[in-house]
Amino acid sequence: MQKYLPHIRIPFKLFDDERIKKIPEEYRSSSLLILIALLKFVNSNSGQCYPRQATISSMVCLSRSTIYRCTELLQEVGILKTKRLKSTLLYTINSDYLVNKKYDVSSRHNDVSSRHIPRFMMTDINRTTINLTNIDKLVKEVVSKGGDKNVIIDKLSTLPRSTLIKALEEKDNPFYVKQAMIVQDSKGNGALVDLPKGIELDKLRKKTNFANQRAVNKNKRNNDRKIKSKDLLRSDSKD
């Protein structure tokens with residue numbers, strides 16, 4: 001007896017669903033893919049399943065932080081609910097997205113998922129590697145410690161602005177990165193740094209002022225010329 005049906009059954013309306021359309025475009029396709037992956041494991045009667053994030057990640061080739069974010073969005077639009085279990089999450093999918101018709105899956109020869117597909121065109125999921133970015137690792141670390149999205153955003157807001165801009169250009173967790181940049185802006189583009197004791201603020205401003213630096217350099221050049229002129233006159237008088 002096979003544990004799961006040899007195919008995933010989804011309603012046609014899923015591709016034109018109003019709830020799906022409420023998800024931001026940058027996460028819409030990933031959220032749809034994750035929902036379809038969950039439908040592979042769902043119990044058609046209870047609407048529940050509990051695959052590990054690592055299992056979902058290996059199926060859809062998305063980072064765990066992206067899966068975490070998409071799962072949140074699917075909850076916000078009312079497509080699924082989650083409950084924390086000891087070692088994984090319990091997903092409950094809205095009954096509107098379940099196809100309850102049952103089939104006999106006891107036959108050995110009814111798995112047609114790989115028929116007529118050449119071997120070289122198949123992808124071995126077990127060999128697929130997922131390269132985590134530094135931001136992925138930070139998000140993963142916060143989530144593993146039980147932190148929520150606010151903690152993630154606070155952590156990201158401590159990163160250099162250039163790092164966040166680069167991540168945004170590469171579409172690396174853009175939702176969290178944008179929120180972190182907003183937090184930085186609200187704090188004056190980053191955390192304030194205390195000046196070391198003994199530094200006079202007026203002198204520091206004067207040293208870093210462009211006009212002052214130009215005047216200092218000009219005076220230095222003039223002094224160098226005067227010194228060279230004096231040395232030249234001394235050498236001529238000796239001759």
Side-chain angles (χ1 to χ4, degrees), residues 4 7-42 47-84 88-99 113 122-144 147-153 155-156 163-182:
Y4 302 110
H7 50 270
I8 300 172
R9 306 193 75 241
I10 57 176
F12 291 158
K13 67 176 182 179
L14 183 64
F15 299 100
D16 194 35
D17 187 74
E18 292 300 323
R19 293 191 183 101
I20 294 290
K21 290 180 179 178
K22 291 179 182 178
I23 298 175
E25 286 187 6
E26 57 190 304
Y27 287 106
R28 193 174 298 164
S29 59
S30 298
S31 300
L32 185 59
L33 189 58
I34 290 167
L35 176 59
I36 293 173
L38 291 175
L39 288 172
K40 175 185 186 296
F41 302 99
V42 73
Q48 295 181 337
C49 58
Y50 42 89
R52 294 178 181 271
Q53 267 199 352
T55 303
I56 300 174
S57 179
S58 66
M59 287 177 62
V60 298
C61 296
L62 295 173
S63 67
R64 296 193 188 186
S65 58
T66 300
I67 294 172
Y68 176 82
R69 176 58 185 154
C70 290
T71 301
E72 278 193 331
L73 292 170
L74 289 169
Q75 290 183 82
E76 290 174 8
V77 298
I79 293 178
L80 61 81
K81 297 179 181 179
T82 62
K83 180 181 178 181
R84 171 64 63 181
T88 185
L89 288 175
L90 175 65
Y91 300 90
T92 302
I93 299 176
N94 190 314
S95 59
D96 292 343
Y97 302 90
L98 301 179
V99 180
S113 59
M122 297 182 183
T123 300
D124 187 353
I125 294 178
N126 294 326
R127 295 183 180 179
T128 302
T129 57
I130 300 173
N131 297 321
L132 297 179
T133 64
N134 289 332
I135 293 181
D136 283 334
K137 293 176 182 177
L138 188 148
V139 172
K140 180 181 177 182
E141 180 184 354
V142 173
V143 172
S144 66
D148 58 10
K149 63 181 180 181
N150 293 325
V151 179
I152 294 172
I153 293 169
K155 287 280 187 181
L156 289 176
T163 301
L164 296 179
I165 293 174
K166 183 178 179 182
L168 197 59
E169 291 174 349
E170 296 175 351
K171 296 184 178 180
D172 181 5
N173 294 273
F175 172 80
Y176 290 122
V177 171
K178 287 179 183 177
Q179 295 301 315
M181 293 174 75
I182 291 172

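Here the straight-line distance linking atom CG of L80 with atom OG1 of T92 works out to 8.5 Å at 0.5 Å rounding. One finds the SG atom of C61 at 8.5 Å from the CG atom of L33 (value rounded to the nearest 0.5 Å). Rounding to the nearest 0.5 Å gives a distance of 4.0 Å between CZ of R69 and CG of L73. For the atom pair CG (D17) and CG (L35), the distance works out to 9.0 Å, reported to the nearest 0.5 Å. Atoms NZ and OH, on K149 and Y68 in that order, are 8.5 Å from each other to the nearest 0.5 Å. Summarising the geometry, atom CG belonging to L156 is positioned 11.0 Å from atom CG belonging to N134; distances are rounded to the nearest 0.5 Å.
Nearest approach of C49 to L38, heavy atoms of both residues: SG-O, 3.7 Å. The nearest pair of heavy atoms linking A37 to V60 is CB-CG1, 3.9 Å.
In this view, T71 satisfies the side-chain hydrogen bond (donor to acceptor under 3.5 Å, both in side chains) rule with no residue, not counting sequence neighbours. Under the side-chain contact (heavy atoms from CB on, under 4.5 Å) criterion, V142 pairs with L138, V151, I152, K155, not counting sequence neighbours. With sequence neighbours excluded, no residue forms a side-chain hydrogen bond (donor to acceptor under 3.5 Å, both in side chains) with T55. Looking at residues two or more places apart in sequence or on another chain, you find a side-chain contact (heavy atoms from CB on, under 4.5 Å) between Q179 and I153, F175, I182. Here N94 pairs with R19, D96, Y97 under the side-chain contact (heavy atoms from CB on, under 4.5 Å) rule; sequence neighbours left out. Remark: L32 pairs with L14, F15, I20, I36 by the side-chain contact (heavy atoms from CB on, under 4.5 Å) rule, at least two apart or across chains.
Side-chain contact check for Q75 versus T82: some heavy-atom pair is nearer than 4.5 Å.
A donor-acceptor contact closer than 3.5 angstrom is absent between the side chains of T88 and Q53.
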Side chain to side chain contact (heavy atoms under 4.5 Å, CB included), that's the test. Do I34 and Y91 meet it? Break it down for me.
CA-CA 12 Å; I34 290 167; Y91 300 90; over 6 Å; no
Start with the C-alpha gap between L90 and Q48, add the side-chain angles, then the distance that decides, and say whether side chain to side chain contact (heavy atoms under 4.5 Å, CB included) holds.
CA-CA 7 Å; L90 175 65; Q48 295 181 337; 3.9 Å; yes
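Evaluation of the side-chain hydrogen bond (donor to acceptor under 3.5 Å, both in side chains) test over residues 20-31, restricted to residues two or more places apart or in two chains, returns D16-K21. Pairs passing the side-chain hydrogen bond (donor to acceptor under 3.5 Å, both in side chains) check and including a residue from residues 167-177, sequence neighbours excluded, read S65-N173, T133-D172, D136-N173.
Not a single donor-acceptor pair under 3.5 Å links the side chain of T66 to the backbone N or O of L62. Judged by distance alone, with hydrogens and angles left aside, the side-chain atoms of S57 form no donor-acceptor pair with the main-chain N or O of R64 at under 3.5 Å.
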